[in-house]
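Counting starts at 1 for both ligands and their atoms, following the listed order.
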Amino acid sequence: MKLSLGCIADDYTGASDLANTLTRQGLRTVQTIGVPSDDLALPEVDAVVVSLKSRSIEADLAVTRSRAAEKWLRGRGAGHVLFKICSTFDSTDVGNIGPVMDALRADSGDTIVLVTPAFPETGRTVYMGNLFVGPVPLNESPLKDHPLNPMHDSNLVRVLARQSKTRVGLVDLATLTRGADAVRGRLADLAANDVGAAVIDAVFDRDLETIGSVALDHRLSVGASGIGLGIARALVASGKVKAGAAATVSESAVGGPAACLAGSCSQATLQQIANAEKTMAVLHLDPEQVIAGPDEVRRALAWSGERISRGPVLIASSSTPDQVQALQSRHGRDAAGHAIEQAMADIAEGLVRSGVRRLVVAGGETSGAVVDRLRIPGFLVGAEIAAGVPVLRAVGVKDGAMLLALKSGNFGGAEFFSDALKLMR
Ligand SMILES: Nc1ncnc2c1ncn2[C@@H]1O[C@H](COP(=O)(O)OP(=O)(O)OP(=O)(O)O)[C@@H](O)[C@H]1O
Ligand SMILES: O=C(O)[C@@H](O)C(=O)CO
């Protein structure tokens, strides 16, 4: 297997978002959980997206894991590696985007790396280096209240400069609009001035196509699904990947009980949970009790055990920004987050033990904890539920077929949970 593109995603929902984008552009793509073991039989593919859970861990550990993934991908022939970050640039002043980018850039030997979280299909655009989420700058969006990495600055040149050892520059929309050679010229000027990373504006998909073609001059780029789309289109346009070759994934029904788990506290997910109350049984966990001990998990499993044979259930820990803040001030941000993630993983394990084979999970960290606990080594990409969220068919699991959907906190329409289950038969 010689890869045309290697990808390292800093969380599992982001990885499935990117795998979805690459598949829709015609690349045969597989999503692996971590660096695959040698005995995982992978189909012939154009792209592998290695999913890490490295967004909110210690920066040094994120660097070590990302470098191991890069080594594996380069060893499979990947000439270009995309480090997939969140389209809302989720990070803190200590990382992990900057430190991982610095390390991968050093490994790749590139003098300068293109960076953009733009993903216009989901309303993420970058102008003059400022990230917009829909109509508002990042720092005015719901991301200002994120439980793990509240985003208070929309200027990505500044945000990245605080995290990275290199100087950070900007390729603005005016330059981009003049075409690939103008971008190349700007990058050469920046590199000559010791700038090692360039945030590049992008508002429309056509901007991403220009970015994709320039990115392929380099060995590394950093961004969200939008730059993935640009790179995929450039690979197809250059003939390096045969258009329309994406493997068809089995659509055979899996059946059996279905469940949804929500650990995301994003506004989008809170709204989707409220809407799900109309179509399925919903249990709201008491976060304080989750942290207190295992009884709340037992209560959730007993509750679902009584209902799941009659229809899908949704179990949510999600609460409003005020409640999240109150819980964190009592228990600490990381301790609270970790305890809830582990409880969600316990619940997922219990549900699967009782026969659930169709599982929807909302939230990147939550999905990471769940998928790790279920020991799923990888996924093939099926139908698209919403922008950035595909149906995933597990590969390499012992217990037969299993479908999952891993929803990024902010993604999906108002009826996301029922939309997902309609496609997960
Ligand atoms: N009620 C709650 N109070 C405090 N923290 C919570 C609560 N419910 C969940 N959490 C924690 O908040 C974090 C949510 O992160 P997660 O990545 O799952 O969602 P997200 O950030 O909205 O999604 P994404 O990363 O895909 O954008 C997790 O660590 C989770 O355990
Ligand atoms: O890019 C995004 O917004 C998502 O794929 C994601 O990474 C959220 O966790």
Under a 3.5 Å cutoff, is there a donor and acceptor pairing between the side chains of Asp11 and Thr13? yes
Which residue supplies the protein heavy atom nearest to [atom], what is that atom called, and how far is it?
atom	value
atom 3 (O) of ligand 2	Ser87 OG, 2.6 Å
atom 7 (O) of ligand 2	Arg55 NH2, 2.8 Å
atom 5 (O) of ligand 2	Asp17 OD2, 2.6 Å

Please assess Lys71 against Val35 for the test side chain to side chain contact (heavy atoms under 4.5 Å, CB included), listing each intermediate value before the final yes or no. CA-CA 10 Å; Lys71 191 165 170 220; Val35 173; over 6 Å; no
For [X], the ligand 2 atoms whose distance to one of its heavy atoms is below 4.0 Å:
X	value
Thr13	9 (O)
Ser408	4 (C), 5 (O), 6 (C), 8 (C), 9 (O)
Lys84	1 (O), 2 (C), 4 (C), 5 (O), 6 (C), 7 (O)

N/O donor-acceptor pairs under 3.5 Å from side chains in residues 358-369, not counting sequence neighbours:
{"unit_1": "Arg358", "atom_1": "NE", "unit_2": "Gly255", "atom_2": "O", "d": "3.4"}
{"unit_1": "Arg358", "atom_1": "NE", "unit_2": "Gly256", "atom_2": "O", "d": "3.2"}
{"unit_1": "Arg358", "atom_1": "NH1", "unit_2": "Met424", "atom_2": "O", "d": "2.7"}
{"unit_1": "Arg358", "atom_1": "NH2", "unit_2": "Gly256", "atom_2": "O", "d": "2.5"}
{"unit_1": "Glu365", "atom_1": "OE2", "unit_2": "Ser56", "atom_2": "OG", "d": "3.3"}
{"unit_1": "Ser367", "atom_1": "OG", "unit_2": "Gly363", "atom_2": "O", "d": "2.7"}

So His80 and Ser221, do their side chains get closer than 4.5 Å, heavy atoms only? yes
State, with a plain yes or no, whether a side-chain heavy atom of Arg105 is found less than 4.5 Å away from one of His218. no
In chain-and-number order, ligand 1 lies under 4.0 Å from a heavy atom of each of Asp11, Thr13, Arg55, His146, Pro147, Leu148, Gly263, Ser264, Cys265, Pro287, Ser317, Ser319, Val324, Leu327, Gly337, Ile340, Glu341, Gly363, Gly364, Glu365, Thr366, Ser408, Gly409
Sub-3.5 Å donor-acceptor pair from the side chain of Arg219 to the main-chain atoms of Ser108, do we have one?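 It does hold such a pair.
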Answer yes or no: is there a donor N or O on one side and an acceptor on the other, between the side chain of Asp110 and the main chain of Leu220, under 3.5 Å?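 Here the side-chain-to-backbone pair exists.
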Show your reasoning for whether side chain to side chain contact (heavy atoms under 4.5 Å, CB included) applies to Leu143 and His146. CA-CA 5 Å; Leu143 271 296; His146 190 280; 4.0 Å; yes
I'd like to check whether Arg124 has a polar contact with ligand 2, where a contact means an N/O of the residue lying under 3.5 Å from an N/O of the ligand.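 No, Arg124 has no N/O under 3.5 Å of an N/O on ligand 2.
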Got an N/O contact under 3.5 Å between Asp11 and ligand 2?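 Right, the criterion is met.
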Walk me through whether Asp201 and Asp207 qualify under side chain to side chain contact (heavy atoms under 4.5 Å, CB included). CA-CA 8 Å; Asp201 286 349; Asp207 302 329; over 6 Å; no
I'd like to know whether ligand 2 has Cys86 as a neighbour, heavy-atom separation below 4.0 Å. yes
Any carboxylate oxygen within less than 4.0 angstrom of a Lys/Arg side-chain nitrogen, looking at Asp295 and Arg298?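 Answer for the salt bridge query: yes.
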Under 4.0 Å between a side-chain nitrogen and a carboxylate oxygen: does that hold for Arg299 and Asp286?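 Salt bridge between Arg299 and Asp286, a charged N being under 4.0 Å from a carboxylate O: no.
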Under-4.0 Å heavy-atom contact with ligand 2, by part of Phe119 that carries it: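 No part of Phe119 comes within reach of ligand 2.
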